[in-house]
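Step one of this worksheet: look at the structure below.
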Amino acid sequence: MGHLLQPDDTSEIELFEPMNLIYTGSTTTGKTSKMGRRTDENPTIVSNTELGFNNGQSTFRSRKTKKTINPKHKTRDSDCCSVNFIKYSLHIFNTIFLISGSIIIGVTLWTIIWKHQYISLLSTTNYVTGTYALLTAGLFAVCGGILGCCGVWREHRGVLLLYTFVLLIVFLLEIIVGSLAYLYETQIETELQHTLNATFMEHYGVSEQQTKAIDSMQQEFSCCGAVRFEDWRHSVWLRSRRKNLIKPTEGRLVPDSCCITVVSNCGLRDGPSNIHYTGCIYGMMDDLKYHLIILGAIGLGLSAIQVFGMVLSCCLYVKLKDVLD
C-alpha cells in the first residue's frame with residue numbers, strides 16, 4: 001500500500017520548469033496540434049474558444065460592414081436626361097398632341113357633315129369606316145393629352161402607364177386609317193365606274209336619301225347623270241309608270257337638278273344650253289380622292305408623333321421608379 005505524502009516529503013517533488021512545457025495549442029486554421037518546447041519565457045497561449053470568438057467577431061464585423069454599404073441612389077438629374085427635362089418635353093408633346101387631336105376631330109366632322117350625303121351612293125363602307133375610325137382617334141388624342149398632362153404634373157406612374165396605352169391605341173388607329181385611305185384611293189375610280197351609274201339608274205326617285213344625294217351632287221358638281229346625261233333615258237325614274245315615285249317625271253327628260261339654272265320643270269328640255277352634259281362620276285371621284293388623301297396624310301403623318309410620346313412617357317415612367325428625392 002502507498003502512503004500519504006507528508007509535508008516533510010517535499011524533497012521528492014520535481015520542480016516545475018516552464019521551459020520543459022510541452023503544450024497543446026491551436027493553429028490559425030482551427031486545428032489542434034502539439035507544439036514543442038518554447039524558448040521564450042512568457043509564452044502566449046491562444047485557446048480555441050478565444051480564437052473562435054475572434055473569428056466570429058471579425059466575421060460579424062465584415063458582414064456588418066457589407067450591410068452598411070448603401071448603393072448609390074439615382075437622382076432627378078442622373079443619367080443622360082433628367083426628370084425635369086423629360087417632363088418639359090412631354091408638356092410640349094402634349095400640347096402638340098391636343099392640337100393634332102382637335103385638327104383630326106375638325107376634319108372628320110367636316111367630312112361627315114358636308115360629305116355624308118354622298119356616302120350613301122358608295123357600294124362599300126371603307127370611306128365611312130376610315131372616317132369614323134379617324135374621328136375615334138381624334139377623341140382618344142384629346143383625352144390622352146389631358147390624361148398625360150395630369151400624369152406628368154403629378155408624376156404618377158400609373159397614370160403615365162395608362163397614358164402610354166392611349167398613345168398606342170391612337171397610333172394604331174391612325175396607321176390603320178392612313179393605310180386604308182391610301183389603299184381605297186386607288187380603288188375608288190373602279191368602284192364608282194361599276195356602281196355609281198347603277199345607283200343613279202335604280203334608286204333615283206325610289207329612295208329618298210339617295211334621291212336627295214343625287215340632286216345635291218348634280219348641283220354641286222355641275223353635272224348630269226353618272227357618266228353622261230343620256231343615262232337618264234334608261235333609268236327607273238323615267239321608264240317606269242309608278243305613281244309612288246318621290247319625284248314624279250311629269251314629262252321631264254332629266255331631273256331639274258341637271259339644269260344650268262335650276263327652276264321648276266326645267267328638266268323638260270335636255271339641250272346643251274339648258275343642262276350640263278358632264279357626268280358626275282368625274283367630279284365625285286376627284287372629290288373623294290382629295291378627301292382620302294387628306295385623311296391618309298393626317299393618319300400616317302400624325303402617327304409618327306405618337307412614337308416620340310410613347311418613348312418619352314416610358315423614359316419618365318422608368319426614371320420615376322429609380323429616383324430618390
Side-chain angles (χ1 to χ4, degrees), residues 70-116 125-182 291-325:
N70 294 326
K72 185 178 179 182
H73 292 283
K74 293 185 178 181
T75 63
R76 300 177 70 88
D77 296 326
S78 61
D79 295 336
C80 59
C81 297
S82 64
V83 172
N84 292 331
F85 174 78
I86 300 176
K87 287 177 64 177
Y88 293 147
S89 301
L90 271 175
H91 280 307
I92 295 174
F93 170 79
N94 283 326
T95 302
I96 300 174
F97 196 39
L98 286 171
I99 295 174
S100 64
S102 302
I103 293 175
I104 291 174
I105 293 175
V107 171
T108 52
L109 287 179
W110 172 69
T111 302
I112 292 172
I113 293 173
W114 295 102
K115 303 299 177 182
H116 184 71
T125 60
N126 293 335
Y127 189 83
V128 181
T129 303
T131 303
Y132 281 98
L134 193 60
L135 177 61
T136 304
L139 295 175
F140 268 105
V142 173
C143 296
I146 298 173
L147 185 66
C149 290
C150 296
V152 172
W153 180 47
R154 294 286 186 179
E155 297 185 1
H156 195 287
R157 297 178 64 241
V159 177
L160 286 174
L161 186 62
L162 180 60
Y163 170 65
T164 305
F165 280 111
V166 172
L167 287 178
L168 180 62
I169 293 173
V170 175
F171 172 78
L172 294 177
L173 285 175
E174 290 176 346
I175 287 292
I176 292 173
V177 171
S179 302
L180 183 64
Y182 279 114
H291 282 85
L292 287 171
I293 291 174
I294 292 177
L295 295 178
I298 291 176
L300 295 178
L302 295 180
S303 63
I305 301 178
Q306 321 310 328
V307 177
F308 293 101
M310 287 187 286
V311 171
L312 289 174
S313 61
C314 290
C315 289
L316 184 59
Y317 178 84
V318 175
K319 190 80 173 178
L320 290 176
K321 180 180 179 181
D322 299 328
V323 165
L324 180 64
D325 291 331

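Counting from 1, the numbers follow the sequence of the chain as shown.
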inquiry  = So, taking the atom named OG1 in T108 and the one named CD1 in I103, what distance separates them when rounded to the nearest 0.5 Å?
reply    = 11.5 Å
note = So CG of L162 and CG of L167: to nearest 0.5 Å the spacing works out to 10.0 Å
Crowding at CZ, F308 (>12 non-hydrogen neighbours, <6.0 Å) = no
inquiry  = Considering only residues two or more places apart or on different chains, which pairs with a residue in residues 93-102 satisfy side-chain hydrogen bond (donor to acceptor under 3.5 Å, both in side chains)?
reply    = N94-Y163
query = Can you name the ring pair (Phe, Tyr, Trp, His ring centres under 6.0 Å) partners of F97, sequence neighbours left out?
reply = F93
message = With side-chain hydrogen bond (donor to acceptor under 3.5 Å, both in side chains) as the rule and sequence neighbours excluded, what pairs involving residues 140-149 come up?
response = none
Could you pull out all donor-acceptor pairs under 3.5 Å where a side-chain atom in residues 170-179 meets a protein atom, sequence neighbours excluded?
| unit_1 | atom_1 | unit_2 | atom_2 | d |
| --- | --- | --- | --- | --- |
| E174 | OE1 | S303 | N | 3.0 |
| E174 | OE1 | Q306 | NE2 | 3.4 |
| S179 | OG | I175 | O | 2.9 |

Acceptor/donor pairs from residues 135-147 side chains to any protein atom, 3.5 angstrom cut, sequence neighbours excluded:
| unit_1 | atom_1 | unit_2 | atom_2 | d |
| --- | --- | --- | --- | --- |
| T136 | OG1 | Y132 | O | 2.9 |

query = side chain to side chain contact (heavy atoms under 4.5 Å, CB included) with T111: which of T131, L292, I294?
reply = T131
task = Quick one: list whatever passes side chain to side chain donor-acceptor pair (under 3.5 Å) with S313, sequence neighbours left out.
result = T164
